[in-house]
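Remarks on the structure that follows.
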Amino acid sequence: MPSYAYVCKDCKKSFTVTMSLADYEKAKVTCPSCKSKKVEQKPATFFAVSAKKS
Ligand SMILES: [Zn+2]
């Protein structure tokens with residue numbers, strides 16, 4: 001299962017979330033430290049396929 005790296009804009013902590021692509025598409029990612037929803041995904045260092053949706 002792929003991991004996604006995020007950084008919280010509120011507390012500046014970075015964290016990773018492991019989830020399936022199906023979960024990722026509907027995921028509401030929140031910061032595990034402060035529960036903020038203001039998280040930003042970091043560019044993945046390894047991203048197998050960048051599926052472009054239209
Ligand atoms: Zn936070």
Atom [atom1] in [X], atom [atom2] in [Y]: separation rounded to 0.5 Å?
X	Y	atom1	atom2	answer
Tyr6	Cys31	OH	SG	12.5 Å
Lys37	Lys9	NZ	NZ	15.0 Å
Cys8	Lys35	SG	NZ	11.0 Å
Leu21	Met1	CG	CE	11.0 Å

Kindly give the heavy-atom pair with the smallest separation between Val7 and Lys12, and that separation in Å.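 The answer is CG2-O, 4.0 Å.
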
Where do Tyr4 and Met19 come nearest, in terms of heavy atoms and distance?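 Distance-wise, the nearest heavy atoms are CE1-O, 3.5 Å.
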
With side-chain hydrogen bond (donor to acceptor under 3.5 Å, both in side chains) as the criterion, how do Thr18 and Ser3 come out once you've worked through the C-alpha distance, each side chain's angles and the decisive distance to 0.1 Å? CA-CA 4 Å; Thr18 303; Ser3 302; 3.2 Å; yes

Residues two or more places apart in sequence or in another chain: which of them pass side-chain hydrogen bond (donor to acceptor under 3.5 Å, both in side chains) with Ser36?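 Ser36: side-chain hydrogen bond (donor to acceptor under 3.5 Å, both in side chains) contacts with Asp10.
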
What residues form a side-chain hydrogen bond (donor to acceptor under 3.5 Å, both in side chains) with Lys13, not counting sequence neighbours? none

Quick one, Phe15 with Val29, criterion side-chain contact (heavy atoms from CB on, under 4.5 Å). Give me CA distance, side-chain angles, the key distance, then yes/no. CA-CA 11 Å; Phe15 57 98; Val29 179; 3.7 Å; yes

